[in-house]
Number of protein chains: 2
Amino acid sequence: MAMKHDIAQRLSQYRSVLYKLKALGFVRVFSDNLGDALEISPALVRKDFSTFSLTGNKRGGYLIMDLLDKLNRLLGKDKVQRIIIVGCGKIGQALMTYSGFTREGLQVVAGFDSNASVISPQASIPIYDVKELKAYVKREGIRIAIMAVPDNAASHTFDLLRAAEIKGVLNFAPVPLKGVEGCVVRNINIGLELENLFYLVRFSGKLPPQPAGRAA
Amino acid sequence: MAMKHDIAQRLSQYRSVLYKLKALGFVRVFSDNLGDALEISPALVRKDFSTFSLTGNKRGGYLIMDLLDKLNRLLGKDKVQRIIIVGCGKIGQALMTYSGFTREGLQVVAGFDSNASVISPQASIPIYDVKELKAYVKREGIRIAIMAVPDNAASHTFDLLRAAEIKGVLNFAPVPLKGVEGCVVRNINIGLELENLFYLVRFSGKLPPQPAGRAA
DNA sequence: GAACTGATGTTATTTCGTTCACAATAACGA
DNA sequence: TCGTTATTGTGAACGAAATAACATCAGTTC
């Protein structure tokens, strides 16, 4: 059940770096450059490209435009990718107008909430009652949702999303959801990340306490 | 340069699950239970515990209270962990009042921004001018910061944080920051995560296109 | 109190992602 | 045109992390 997440993440990162290089006027790029940018070895860059049949020239490296074309097709970036946000509290609303999305070809097309006071179907990005979720998703063919609800609503909301046959969920609730057949889940647990940071800072450099107690 | 991130993350997850079990009235737990909860093998649970000298009883499993005590000490949860937020736009402000933090023993003690219109030193969680960042961090002994600034400010803001000798940064800007000596960085790139989701959904089950072209 | 049961703690094995190493080859220069 | 050089593409080697396997032992039962 090992995730093949990592290589897909790298594809997006390559894409991002390539756009920057293109903006700087470069037309070719070498595996070394991309390796430096992502802090990985050039060999891994070439291997990734090989896996997806992204080919270069034996001496002239890779053509940036060519790579971008192929990556965009691979990542489905040739069309705008529409998402909805379920849970329009502070985080949800912040994400609704998050500027990083448009730049990435992502478009938040609607929000959903159970709290009547935030519902506003006339807004530029409308917020509907969560009761309308299923119909909307079906009608508009939405496949990906961001979930930004409080922890106690997480599990129920996830059931609603599954009932609406959502195919992928980015979960910001502090309750890790388990992925299920037909629906990929990705958990972003901010508290967990911070805890992790505190841990890494506390023991940065030093090994964890009593790492198997090998005598000196 | 392989990360030892994973085991620390699991430690926090064990802790979270253990609290839930405790709330349900359980007093003992077995490696199987925790393995199921985190979707990992029981062997890995025992191995993790062994690494950190978390011991159980050969037959009776582990005592939940005992594990929690030790985990809390390991993760520094015996005292409140204070953090600051740099960049008080929508995301930053949403995080300031994020309810998930207090539950985790995390406390946002201040915000910083360069935009005069959001500065409010009298608020219950004060927002100061970013000019005061360094002095504040020194005075209060802050070690961890959340960075929620727009992409074009990311690099400069990171320099400020380093100058203030911040030890760890959780970066929400859509520009991945490279970690540096003395400062651990953890990037949360929402756009990237969504792209990844789209990719996984597109190819869920099926292998990536032409995976090295092995003939049928 | 002796045999048995069931879970731990740890060693051995496997798996998998990454890096190494190098053969193949396209561009460049004389 | 032919040698040289720089870079790709990929099979082999490596290493780390997860799993499997098992020896060890606390508790339970008769």
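Side chains included, hydrogens not; waters and symmetry mates left out as well; all remaining heavy atoms used. Each chain gets a letter, A, B and so on, in the order its sequence line appears, and its residues count up from 1.
By the 4.5 Å heavy-atom criterion applied to side chains, B/Leu67 and B/Tyr14 are not counted as neighbours. Inter-residue side-chain proximity for B/Phe101 and A/Ile190 is flagged as met; some heavy-atom pair is nearer than 4.5 Å. Looking at heavy atoms from C-beta onward, A/Glu140 lies out of side-chain contact with A/Val109 at the 4.5 angstrom threshold. You'll find the side chain of B/Leu161 reaches within 4.5 Å of the side chain of B/Leu133, heavy atoms only.
Taking atom CG of B/Leu44 as the reference point, atom P of D/dA17 lies 11 Å away to the nearest angstrom. Atom pair B/Asp48:CG and D/dA16:P shows a separation of 17 Å (rounding to whole Å applied). B/Leu63 has its CG atom 15 Å from the P atom of C/dA7, to the nearest Å. The separation between A/Phe49 atom CZ and D/dT10 atom P is 14 Å, rounded to whole Å. Look at CD1 on A/Ile7: it is 13 Å from P on C/dT19, rounded to the nearest Å. Distance A/Gln9 CD to C/dG17 C1': 15 Å, rounded to the nearest Å. The CZ-C1' distance, from A/Arg10 to C/dT19, rounds to 12 Å in whole Å. Spacing between atom NZ of A/Lys47 and atom C1' of D/dG11 amounts to 7 Å, rounded to whole angstrom units.
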Less than 3.5 Å apart, which donor and acceptor atoms pair up between the side chains of residues 142-159 of chain B and the rest of the protein, not counting sequence neighbours?
unit_1	atom_1	unit_2	atom_2	d
B/Asp151	OD2	A/Arg103	NH1	2.7
B/Thr157	OG1	B/Ala153	O	2.7

Compile the donor-acceptor pairs under 3.5 Å between side chains in residues 68-77 of chain B and protein atoms, sequence neighbours left out, one pair per line.
unit_1	atom_1	unit_2	atom_2	d
B/Lys70	NZ	B/Asp66	OD2	3.3
B/Asn72	OD1	B/Arg15	NE	2.6
B/Asn72	ND2	B/Tyr19	OH	3.0
B/Asn72	ND2	B/Leu68	O	3.2
B/Lys77	NZ	A/Glu195	OE2	3.4
B/Lys77	NZ	B/Gln81	OE1	3.3
B/Lys77	NZ	B/Glu104	O	2.3

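Every residue two or more places apart in sequence or in another chain was checked for a salt bridge (Lys or Arg N to Asp or Glu O under 4.0 Å) with A/Asp36, and none qualifies.
The shortest heavy-atom contact between B/Ala164 and B/Val137 is O-CG1, 3.4 Å.
The side chain of A/Ser41 contributes no N or O atom lying less than 4.0 Å from OP1 or OP2 of C/dT18. For C/dG9, neither phosphate oxygen OP1 nor OP2 lies less than 4.0 angstrom from any side-chain nitrogen or oxygen of B/Ser50.
Nearest nucleotide to the side chain of A/Tyr62, out of C/dT18, D/dT8, C/dT10: D/dT8.
Sorted by residue number, the members of residues 25-36 of chain B with any non-hydrogen atom under 4.0 Å from DNA chain C read B/Phe30, B/Ser31.
Pairs of residues two or more places apart, or lying in two chains, that qualify as salt bridge (Lys or Arg N to Asp or Glu O under 4.0 Å) and include a residue from residues 45-59 of chain A are A/Arg10-A/Asp48.
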Seminar exercise, completed: Protein heavy-atom contacts under 4.0 Å, written 5' to 3' over nucleotides 21-30 of chain C as B (base), S (sugar-phosphate only) or - (none), form the string B--BBBB---
